[in-house]
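The residues of the chain are indexed from 1 along the displayed sequence.
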Amino acid sequence: FDNFNWGIELDAAENNTITNSTFINNDNYGIFMDDDSNYNNINLNNFTRNEQYGIYFDPGASNKATFNNFTENHFDSNPTYAIYMDAESENNTVWRNNFINNSASNNQSFSADTTNVFNLSSQGNFFDDYNDSGEGCADTSPVDGICDAYYLLAGSGLNNDSHPKLQEIIFGANNAPNTTLIYLDY
């Protein structure tokens with residue numbers, strides 16, 4: 001998906017899988033998550049040099065975007081944020097992704113809701129602006145390839161990744177964690 005207004009719009013879209021796609025040089029977003037876009041899996045994609053965001057959530061107040069899973073994606077050089085989730089974006093999970101050179105504001109992603117999660121168990125994301133001691137990341141106790149302190153994301157949701165990786169994550173079946181996602185409906 002190259003050079004569109006946005007690569008894909010999900011509007012009232014449920015239980016879809018978007019995998020092995022490239023979203024590059026789009027005028028606004030790689031993927032636009034709109035009203036009632038729930039239980040979608042976005043994995044093994046490349047979001048590079050989209051004019052604003054790699055993925056942008058903007059559902060209406062009564063039409064939330066919930067329980068979406070983002071795993072093993074590569075976000076590179078999306079100038080506003082790699083992922084932007086507004087307050088109506090709830091219970092979404094973002095884990096085992098690489099975030100490289102996104103956002104001029106020194107923060108790779110934005111979340112306005114406290115229920116969005118940026119790691120599962122010990123599986124966090126890689127952020128190129130938080131992978132050495134000069135950036136606040138130390139790996140001393142235990143030495144396990146995970147920063148000892150969390151990576152704080154932008155937004156009023158005060159979300160963080162409590163297991164940010166020190167090195168880029170290698171994607172593929174042989175490296176995938178043995179994890180089961182469980183969605184709870186409140």
Side-chain angles (χ1 to χ4, degrees), residues 17-24 30-31 40-50 53-55 57 67-85 89-184:
T17 298
I18 299 173
T19 190
N20 292 319
S21 297
T22 297
F23 300 87
I24 188 168
I31 294 179
N40 296 294
N41 286 302
I42 313 297
N43 54 40
L44 293 168
N45 298 291
N46 179 9
F47 297 89
T48 301
R49 291 189 318 272
N50 295 291
Y53 308 93
I55 298 173
F57 284 74
F67 300 105
N68 296 290
N69 178 53
F70 303 90
T71 308
E72 297 192 344
N73 297 292
H74 182 84
F75 296 92
D76 190 353
S77 302
N78 298 289
T80 309
Y81 290 108
I83 299 176
Y84 178 92
M85 296 182 190
S89 306
E90 301 173 351
N91 297 296
N92 297 292
T93 307
V94 179
W95 60 295
R96 283 188 53 82
N97 299 285
N98 291 320
F99 293 89
I100 299 169
N101 197 33
N102 297 287
S103 178
S105 69
N106 296 325
N107 205 299
Q108 306 257 5
S109 291
F110 178 99
S111 176
D113 187 86
T114 60
T115 64
N116 293 313
V117 176
F118 282 81
N119 59 268
L120 280 181
S121 183
S122 65
Q123 297 296 320
N125 299 285
F126 170 76
F127 302 93
D128 76 329
D129 61 344
Y130 193 70
N131 64 336
D132 65 46
S133 59
E135 298 164 332
C137 171
D139 181 22
T140 58
S141 180
V143 177
D144 56 3
I146 298 172
C147 299
D148 295 336
Y150 61 82
Y151 179 87
L152 184 63
L153 296 137
S156 56
L158 298 177
N159 302 95
N160 68 69
D161 182 336
S162 59
H163 299 287
K165 302 289 187 179
L166 283 172
Q167 296 181 3
E168 255 186 271
I169 300 166
I170 306 300
F171 303 143
N174 294 335
N175 298 305
N178 185 10
T179 304
T180 302
L181 288 179
I182 300 172
Y183 294 109
L184 303 175

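The heavy-atom pair separating N159 from T114 by the smallest distance is ND2-O, 3.6 Å. In this structure, G124 and I169 approach most closely via the heavy-atom pair O-CD1, 3.7 Å. Nearest heavy atoms, N92 versus M85: CB-CE, 4.0 Å. Nearest heavy-atom pair, L152 versus N107, reported as atom, atom and distance to 0.1 Å: O-ND2, 2.9 Å. Taking all atoms of both residues into account, the shortest heavy-atom contact from I100 to Q108 is N-OE1, 3.7 Å. Considering all non-hydrogen atoms of both residues, I42 and I55 come closest at CG2-CD1, 4.4 Å.
In this structure, the side chains of L153 and S111 stay at 4.5 Å or more apart for every pair of heavy atoms.
Results of the ring-ring contact (aromatic ring centres under 6.0 Å, His included) test with F70 over F47, F118, F57 single out F57 as the only residue that passes.
The CG atom of D113 sits 11.0 Å away from the CG atom of L158 when rounded to the nearest 0.5 Å. Within the model, atoms CG of D128 and CG of N98 stand 9.5 Å from one another, a figure rounded to the nearest 0.5 Å. Going from atom OH of Y81 over to atom OG of S109 covers 9.0 Å, rounded to the nearest 0.5 Å. A distance of 6.0 Å separates OG1 of T71 from CG of N43, quoted to the nearest 0.5 Å. To the nearest 0.5 Å, atoms CD1 (I18) and CG (N41) are separated by 10.0 Å. Here the CG atom belonging to N45 is positioned 7.0 Å from the CG atom belonging to N20, to the nearest 0.5 angstrom.
Partners of F99 under the ring-ring contact (aromatic ring centres under 6.0 Å, His included) rule, at least two apart in sequence or in another chain, are F75, F127. T140 meets the side chain to side chain donor-acceptor pair (under 3.5 Å) test with D148; sequence neighbours excluded. Taking Y84 as the reference, Y53, Y56, F110 meet the ring-ring contact (aromatic ring centres under 6.0 Å, His included) condition, with sequence neighbours excluded.
Side-chain contact annotation: Y150 with N119, donor-acceptor N/O pair under 3.5 Å absent. If you check the side chains of N125 and D161, you find a donor sitting under 3.5 Å from an acceptor. Under the 3.5 Å distance criterion, with hydrogens and angles disregarded, a donor-acceptor pair is assigned to the side chains of N69 and W95.
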* Asked: Do K165 and I146 pass the side-chain contact (heavy atoms from CB on, under 4.5 Å) test, and can you show the C-alpha distance, the side-chain angles, and the key distance before you say yes or no?
  -> CA-CA 5 Å; K165 302 289 187 179; I146 298 172; 4.1 Å; yes
* Evaluate the side-chain contact (heavy atoms from CB on, under 4.5 Å) criterion for residues L166 and C147: first the C-alpha distance (whole Å), next the side-chain angles of each, then the deciding distance (0.1 Å), finally the verdict. => CA-CA 6 Å; L166 283 172; C147 299; 3.9 Å; yes
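For the pair N68 (side chain) and N40 (backbone), a donor-acceptor distance under 3.5 Å is present. In this structure, the side chain of N91 does not engage the main chain of F67 through any donor-acceptor pair within 3.5 Å. Here the side chain of D139 pairs a donor or acceptor atom with the backbone of D144 at under 3.5 angstrom.
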